[in-house]
Student: 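One structure is given below, represented as structure tokens, and several questions about it will come after.
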Amino acid sequence: MFAVKQPTTKVLPLYQEFHPRWYRPRVSVYWWLGQWQYLKFILREISSVFVAVFVVITLLQLRALRAGPEAYARFQHWLQSPIALAINGISLFFVLFHTITWFNLAPRAMAVRFRGKRLPEILIAAPNYVVWALVSAGVTWLVLR
Amino acid sequence: MDASSHDVLLVGGGGAGLRAAIAAAEVNPKLSIAVVSKVYPMRSHTVSAEGGAAGVVKGDDSLDEHAYDTISGGDWLCDQDAVEAFVKEAPQELLQLERWGCPWSREPDGHIAVRAFGGMKRRRTWFAADKTGFHMLHTLFQTTLKFDPITRYDEWFVTKLLVDDGRVDGVVAIELMSGKIQAITAKAVILCTGGCGRVFPFTTNANIKNGDGMALAYRAGASLKDMEFVQYHPTGLPFTGILITEAARAEGGYLLNKDGYRYLQDYNLGKPQPNPVMRSMELGPRDRLSQAFVMEDQKGRTLATPYGSVVHLDLRHLGEKIINSKLPFVRELCLKYQNLDPVKELIPVRPVVHYMMGGVSTDMNGATPLAGLYAAGEVACVSINGANRLGSNSLSECLVFGARAGKAAALYAAEQKAADDKAMAQANDERKRLEAQFLHKQGGRERVATIREQMQKAIEKSAGIYREETSLAEGANKLFELQERYQDIVLDDRSRTFNTELEGALELGFMLDVAESIVQCALHRTESRGAHQRTDFPARDDENFLAHSLVFRKPDGSSRVEYLPVKVTRWAPGERVYGEQAPESPQQIPQAVPAGRAG
Amino acid sequence: MAKQSSEAVLWSLFSAGGVVAALLIPVHLFLFAIAFPMGWLRPPGYEHLMLLLRLPWVRIYLFLMCSLSLFHWAHRFRYTLYDGLQVKHLNELIFTLCYGGAVAGTVFAGYLLGNWSGP
Amino acid sequence: MADKIVLEIPRYSPERDVKPHFEEFEVPVHKEWVVLDALNYIKDQVDGSLTYRWSCRMGICGSCGMMVDGEPKLSCATFLSSYSRNGNKLRVEPLRYFPIIRDLVTELSDFLVKLKAVKPWLIRQEEPPLSEGEFLQTPEQLEQYKQYSMCINCTLCYAACPVVGLDPVFVGPAAIALAQRYNQDSRDQGAGDRMAVLAHPEGIWGCTFVGECTRVCPKHVDPAGAIQQYKLKAALDWVKSFVTPLGRKNTDVRREAAND
Ligand SMILES: Cc1cc2nc3c(=O)[nH]c(=O)nc-3n(C[C@H](O)[C@H](O)[C@H](O)COP(=O)(O)OP(=O)(O)OC[C@H]3O[C@@H](n4cnc5c(N)ncnc54)[C@H](O)[C@@H]3O)c2cc1C
Ligand code: SF4
Ligand code: F3S
Ligand code: FES
């Protein structure tokens, strides 16, 4: 048995008898690195940045379209640059992460009840994916037609 | 020294304490009410009650039947006037709890649902799934939050009652967080500190059930009543002592010996039927079932485990659906603490100390002979439980007599003057005592844990399910020795802040007193009745013992036992019959007799 | 009450944006920013896109997608900054930057998509 | 299975220390032992000054919460043997984000203030006399709030929620779930009264749906769900509040808003 006792220091001005001095641990700025669930949470939240980045790209593309075929071609060319591809590659990862977490968490916020019992989460999440597939197919069809 | 002052002070924030606090606040909103509790109120042990609370609500039931079940279940040691008041008020109290939001389980049409319970002839046990006590306690606690006159002292440990001139003036308590020892004075004090299961080694009771209130009252000069009646519950999980609620049997569980045989049929408890029959077999009363276990064990028909011998509780035939809907907590406990699934496996169980029938002797309003001192809940003995409490009566008891004591104390307090300085002086002495005996003590050799263990062993050996003269006398001697050694206790922890070792030592002191009172009362009662079974006196003796034992503390610290006749109003003592011969309805019950005699 | 309901508004926008972003952004991103530039799929011609953009509902659709997604970002990012960097004391600044950004983006999208008079 | 394990426990006493320091205790591992049994073993056999709370030992009183191996757990419901593979050392710490009074004991008064703030009692406009019997409530109506009534106030969810740590005024998961327990109760009429605390920036809006509260809850209360559902309701109320005056029907924004 090795209970390591620290030497007790007598000179601690802070404690006054009968007035307990609570120890308040500080939350580190890097708290979200400490635990996988927290990291996952932060990544989920960060995904919004990539959503915004893509919206900006979309807006720029629209501006290029408005500015005429040459401007549009120039923009298309920029999209092929390694830097643009890198950004968009990362964005795709995050955006998919957003989609999946969003759909999976939806049931938690909905609590659809059937005969008094909460429906199992999978039953509520599944339709989201179906809609997602349909919408994606529709957009692709419109654009490629 | 600091002090605070109130009109009514509750020691204990369990079911009884909180109910009393609300009652007092409702009687007189001008009163200042304090709830002192050594744990946050919602941690009180009421939280772990599973099965339910009895109260007549359904048309096929009657108050008389509830009274009769209670009285016969208590082997005629109940005061019948108290029982009649109890059964009458229980439904109202349970209804009041419904009005405060308690999530009682319901019938499909929205009415309260009731279930069968051991020793009860009719279905009359209200339940909230199998977490009845939990829901009741949280409902009560949350409801108290809306009463401004109720001040809480959470995590304050009461060490002593302040008594001056035959009148109780308040308490001395330690604020655990700071270690401050101070007086809280009050015009009336209600003890609601719960039972004392931790006196025994194997119990369903939580760590906080140390008989504090019993010892506090005993030391202050009040008497304890019927302390020899300790209830064993027949179905506890080995090792942990976790309770498998009676509801498991009420829903149709079987008790099997090692050969898979429903052994209760051999002990005058009826014939086995596939479905539960009230007041029969597995639904017999707890004392009989626990005694049957011991017999079965002596015949070598139980299974040996490292934690004592066991029989099996079989729920498998109920099926997963019923188990999940009616007994979810049972399943959870088995999975979490015993690592088995009752849907597919047999549950090992053995009798376990569960409830204290005895306690601080009070009248029907919770008042003790000491002016200003009241008690309610498991700590008290109003005498509705007699020699054996019926399952689901005690939660209702907490409500009925909690409310009664709260009201009575509020009325009493309104008429009293505040305590004077003498209380302060006493509180100061108590602080000095605690410091000298524990915090500043020089020397000492004994550890809290050692003495506690030896006390538990001693009492189990002498005052277990079956008792006899020699072992009880040995137990008494051992306890005397332990009391001496207790004076020589030394603590590792000398600090003020949240000193749980000091708390443990004080609780041990309380438990030693309670243990002694149990053994003394058991020694003096030379008959067998309900939970008190003497192998050397196997018969019930109404001639001499249709009476409550009262144990007093003598100035030298030893005890004195007296007897008080049982109050009999309408039901003459009869044979306790379970199984097929159980009387069908109260009409067959012998009616009206003169008050009982006592030895 | 003002403060309460403003949070409700912002959260509603955030949620609506979250749905839109979850449903729509992946396919747009994949097509326009990955598949076409990488040459995995043949990109649509300039004319085809202009044709689509002349349809009012397509423009409304794009407007909503952009605007709501930006509000989604603004709300989430605001809380990420609060929590991740523990800079709640910069409350006002962050608030202005985030929702201001979303408003600016919305205005810009409105300007681009509002009166479509492409060549 | 190793038959010994070393517990690393931070010791702190305000009378002695400025901050906690770890001490190690070797304890035997038995199959049936939970972490709490190991602590009791230390207290009884090794060091009587080890300080922690416990009572029921059956997972219902809610007093024995601790960080076990970095996770908020009820120490009475966590088998010791499940950790003996981790290199024979196990950290047991006080619940995170709470001030520490001593060793493993956290300070709870703030939590109790929050509990009270959400008015967790049945609120009625009119109170019929008891003689009229019980309020009727069907099993389906009971089911609506049952889950939220299971909270044992163990505060594990607070120890799991980073928002609690970052923003001490945040009302927090258990208190909001408790408010929903009453809001969803068919007998209650107090949802309006609870609105002010709940639909406040430090109420539901403080929650960023980290979801950890629900993951660690030993009683499956799902506070995260309760909070998001309340957000949805608050948002709908807001929509209603300005749609209704225009005499239009409440538009179905439910699906969209539901998705957070
Ligand atoms: C596992 C189990 C299951 C049960 N099931 C049922 C059932 O189904 N039906 C039924 O009717 N009964 C049941 N019972 C019995 C019933 O639960 C108890 O008798 C009842 O809850 C006791 O309530 P109480 O208010 O008297 O005390 P408790 O709830 O035990 O409260 C005691 C209070 O006193 C305080 N206290 C104690 N000592 C001190 C001190 N020195 N200083 C300050 N405060 C102090 C404590 O902090 C606590 O708040 C069960 C009991 C157990 C153990
Ligand atoms: S919600 Fe769950 S984790 Fe939180 S306090 Fe209640 S029971 Fe504990
Ligand atoms: S962990 Fe915290 S942020 Fe919300 S979902 Fe739970 S309260
Ligand atoms: S000791 Fe009660 S919950 Fe663990």
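Below, chain A is the first sequence line, B the second, and so on; all start at residue 1. Quick caveat, the model's predicted, so the values are computed rather than measured.
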Student: Show the nearest heavy-atom pair for residues C/Ser12 and D/Ala235, with the distance to one decimal.
Tutor: OG-CB, 3.3 Å

Student: Taking atom CZ of D/Phe209 and atom OH of C/Tyr79, what is their separation to the nearest 0.5 Å?
Tutor: 15.0 Å

Student: Sort D/Asp237 into side chain, backbone, both or neither according to what part of it lies under 4.5 angstrom from a heavy atom of chain C.
Tutor: neither

Student: Around atom CD of D/Glu127, are there more than 12 heavy atoms of other residues, nucleotides or ligands at under 6.0 Å?
Tutor: yes

Student: What residue, out of C/Leu13, C/Thr80, C/Asp83, has the most heavy-atom pairs lying under 4.5 Å from chain D?
Tutor: C/Asp83

Student: What distance do D/Gln228 atom CD and C/Ser15 atom OG have between them, rounded to the nearest 0.5 Å?
Tutor: 9.0 Å

Student: In Å, rounded to the nearest 0.5 Å, how long is the span from OG1 of D/Thr208 to OH of C/Tyr82?
Tutor: 12.0 Å

